[in-house]
Every structure is written in C-alpha cells, then in structure tokens.
4 protein chains.
Amino acid sequence: MTKKAEIGHNSDTASASKIKSFVERVEKMESEKRDISQDIKEIYAEAKGTGFDVKTIKKLVKLRAIETEKRREEQALLETYAAAIQMDLF
Amino acid sequence: MTKKAEIGHNSDTASASKIKSFVERVEKMESEKRDISQDIKEIYAEAKGTGFDVKTIKKLVKLRAIETEKRREEQALLETYAAAIQMDLF
Amino acid sequence: MTKKAEIGHNSDTASASKIKSFVERVEKMESEKRDISQDIKEIYAEAKGTGFDVKTIKKLVKLRAIETEKRREEQALLETYAAAIQMDLF
Amino acid sequence: MTKKAEIGHNSDTASASKIKSFVERVEKMESEKRDISQDIKEIYAEAKGTGFDVKTIKKLVKLRAIETEKRREEQALLETYAAAIQMDLF
DNA sequence: CATGAAAAAGAAGCGC
DNA sequence: GCGCTTCTTTTTCATG
C-alpha cells in the first residue's frame, strides 16, 4: 500500500502526464486537420481565381465521393454473393 | 461565339482538364483529412485502452480550444479598439 | 391497405391537417426570430448613429459569449471528472 | 475643455456605460432568439413523436418561404409596372 | 437507434 | 452593386 490513496489504478502524477500527452497528440492532429482544410479552401480560391464556379466543383467532388462509395458497396455486395456460392473472385 | 455557354473564360477542353485537376487535388486533401480523423480516433482508443475516460479527454481538448479561441478573440478586440480610436469612433 | 404509402402512421386527411399545423407553428416562430434579428440590427444601427463602432461592439458581444461558453464547459468538465472518478477511471 | 483629454467625442465613462448598455441589449435579444430556436426544435421533436418525417416538414417550410418571397416579388414588380403607367392599383 | 456534437454548405450582411 | 466575410442551417459522424 502506497502512502497516498490512489484514485483508481493510475497514480495521480503519472495519470496527469499521460492525459497531457493524449491531449497534446489530439491537438496536434486537429491542428493538421485544420491546415488541410485551409489547403482545400486555397485550392477552391485558386479555382475561383481561374474563373471557375466553386460551388459546382464542390458538387463534382461530392458526386464522385458518392459514386466511389456506391462502387465500394457494389463490390462488397458482389463479394458477399460470391462467398455465398463459394466462388473465388480472385 | 458558340451557342454553348462556356465555363468561366476557359475553352472547353482546357477547362475539362483544369477542373479534373482541381477535383483531384481536393480529393487528395480530403483523403488526408480522413486519415488524420482516423488517427485521432486511434489516439482515443489507445487512451481508453490505457484506462482513461475518453469523454474527459475530449472535454479537456475542447476546453483548451475555447481558451485558445478566447485569447485569439481578445487580441482581435484590441486591434479593433485601436482601429476604432484611430477613426475617432469613441 | 392502399397502394399509396402513408406518411408515418397517420391516415391521409388527418395527416394533412397535422402537417399544416406543424408548418404554421414553425412559420410563426421563424417570423418571431426574424423580428428579433431585425431588432438586433436596429440596436447596432442606433449604436452607430450614436457614434460607436459597430464592429467593436460585435466583438465585445462575441467575446462575452465565448467567456460564457468557457464557464459552461468548465462546469461540464468538472461533472465529467466526478463521473469518471465514480467509475474508477483514474 | 474638460481636464482630461477625450478620445473622440464621447467621454470615457459615458462611453463605457453606453457600450455596456448596447452589448446587454444585444445579448438579451440573442438570448430570446435562442429560446425561439429551441421552441422550433421542440415543435419538430413533437412532429417526429407524432410519426412525421422532420426533414420533409423542414422542406415544406422552406418551400413555402420561397413561394411567399416569390409572391412578394411579383407584387413588387406589379406595383413597379403600375407606377410606370401611372396606374393606381388600390 | 437516437442523441448530440462537429463539419460543410448555404444565406445574409457588410464594407468598398 | 459586388465580393468577402460572418452567421445559419443542414448534414454528417461518433457515442451511449
């Protein structure tokens, strides 16, 4: 038994330092995310400067994302069927 | 002048290629963003696995973000004050 | 059972009347919201007419909102801590 | 001339108090706006609880708003035309 | 699954 | 009047 009562199974100081580490790692990642969002904005700004309609390009990006997802799902479905009839697709 | 409306001030073929380029650049950036989001999730998963409460860590991250935002806004306010005084608005 | 899909579990006529009621109630509320937005604009206009810098006042309002939010989040964090300790997470 | 140099045409203390008053009035209005937004959410929650699709009702509200606006604009246009031919619509 | 928070899209207001 | 920024609203995503 330690002198000081522990809260749970992590001792206070060690916990504090670990929490700090987790928080900082998350903050770093979120900062990177913001940077990328900024980059995306800049791409759109560039597109706009080149005479394109940003709204339309955004729609294109979204449409392609949906199509990619659809293809992914179709592939998954196909694989499920193939597995059901014990067919190797590859 | 052709009957068909042009997209921006670009001719059709050049436009197509430029649009494609913009779309692909955005898609690349968005993919990176998703990767980072995934990384963040993994950090939280690790924290949880180490015995920490994810909710608490998220709250800490958020509170620190608010503090940062507050500092940012305070600075902006000071600058606005300075500008207002210059303009004799007080 | 009719061919036509029902909206929710309500029969057609009753539904129509209920939907109308919901829509109208929302419209009334949104109208009130617009009125208040208008009032806010007028307050800013008055401030401007009295020789104040609107931008500064807006920044003050925002900063105070952030401060309120911060206090709110601090409280929420404390509650999360308390819950986490109960759950032996530290 | 007062003893203390004034910044602009508003003396410091009077300014401070006036600004405070403006800020508080705005805050009060914004608080009321939030209340109404909350009421709207509750109406939608009630609609949902009654078995309706919230998204659809929102679409209806928006459509009606557009139609109202359209009618308003048509009326304005009509009045402009009437004025142009010096015709009294009323 | 349903709730609540975060991101993205869209609308509005502002200054130039 | 137009473009730019700010604010609202919608949609999405994660957690319980």
Side-chain angles (χ1 to χ4, degrees), chain A residues 26 29-30 33-45 48-49 51 53-63 65-66 69, chain B residues 26-27 29-30 33-34 36-45 47-48 53-59 61-63 65-66 69 72-73 76 80 83-84 87 89, chain C residues 26 29-30 33-34 36-45 47-48 53-59 61-63 65-66 69 72-73 76-77 80 83-84 87, chain D residues 26 29-30 33-34 36-38 40-42 44-45 48-49 51 53-63 65-66 69:
Chain A
V26 169
M29 291 290 109
E30 291 193 342
K33 255 180 89 174
R34 273 191 300 276
D35 289 348
I36 292 175
S37 294
Q38 190 55 33
D39 290 345
I40 293 174
K41 275 197 200 136
E42 278 162 25
I43 295 173
Y44 283 124
K48 185 176 188 175
D53 179 46
V54 171
K55 200 174 165 184
T56 304
I57 299 183
K58 280 190 181 173
K59 278 211 161 60
L60 278 176
V61 170
K62 182 170 262 181
L63 276 173
I66 291 169
E69 172 66 8
Chain B
V26 169
E27 283 172 346
M29 290 290 108
E30 291 194 341
K33 255 180 89 174
R34 273 191 299 277
I36 292 174
S37 294
Q38 193 54 35
D39 289 346
I40 293 174
K41 267 200 231 167
E42 279 161 24
I43 294 173
Y44 282 123
K48 188 174 189 172
D53 178 39
V54 171
K55 197 173 174 185
T56 303
I57 298 181
K58 282 195 176 169
K59 285 240 167 276
V61 169
K62 184 169 197 184
L63 187 53
I66 290 173
E69 161 90 0
R72 234 179 43 77
E73 273 302 319
T80 305
M87 290 183 290
L89 287 166
Chain C
V26 169
M29 291 289 109
E30 291 194 341
K33 253 179 91 173
R34 273 192 300 276
I36 292 174
S37 295
Q38 192 55 35
D39 289 346
I40 292 173
K41 268 201 230 165
E42 278 161 25
I43 295 173
Y44 282 124
K48 189 174 189 172
D53 179 40
V54 171
K55 197 174 174 185
T56 304
I57 299 181
K58 282 190 177 172
K59 284 240 169 276
V61 170
K62 186 171 200 180
L63 188 54
I66 290 172
E69 162 90 0
R72 235 179 43 78
E73 274 302 319
L77 181 61
T80 306
M87 291 183 290
Chain D
V26 169
M29 290 290 109
E30 292 192 343
K33 251 180 94 173
R34 273 191 300 276
I36 293 174
S37 295
Q38 190 55 35
I40 293 174
K41 272 194 204 144
E42 278 161 25
Y44 282 124
K48 186 177 187 175
D53 179 45
V54 170
K55 202 174 166 184
T56 305
I57 299 184
K58 280 190 182 173
K59 279 211 159 59
L60 277 176
V61 169
K62 182 169 264 181
L63 276 172
I66 289 169
E69 172 65 8

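Everything numeric in this text was worked out from a predicted model, so none of it was measured. Protein chains get the first letters and strands the later ones, always in sequence-line order, with residue 1 at the start of each.
- Annotation: the span from B:Thr80 atom OG1 to C:Ile57 atom CD1 amounts to 12.0 Å, rounded to 0.5 Å.
- Separation of atoms CD (A:Glu30) and CZ (A:Arg34) is listed at 6.5 Å; rounding is to 0.5 Å.
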- Message: Each nucleotide in nucleotides 3-12 of chain E should get exactly one letter: B, S or -. Can you fill that in based on protein heavy atoms under 4.0 Å?
- Response: ---SSSSS--
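- Nearest heavy-atom pair, C:Leu77 versus B:Thr56, reported as atom, atom and distance to 0.1 Å: CD1-O, 4.0 Å.
- Between A:Val54 and A:Lys48, the shortest heavy-atom distance links the atoms CG2-CB, 3.7 Å.
- For the pair D:Ile36/C:Ile36, a side-chain contact is recorded, criterion being any heavy-atom separation below 4.5 Å from C-beta on.
- With a cutoff of under 4.0 Å to any heavy atom of chain D, the contacted region of DNA chain F is bounded 5' to 3' by F:dT8 to F:dT11.
- The side-chain heavy atoms of D:Gln38 and D:Lys41, taken from C-beta on, include a pair separated by under 4.5 Å.
- Considering only heavy atoms from C-beta on, D:Lys33 stays 4.5 Å or farther from D:Met29 through its side chain.
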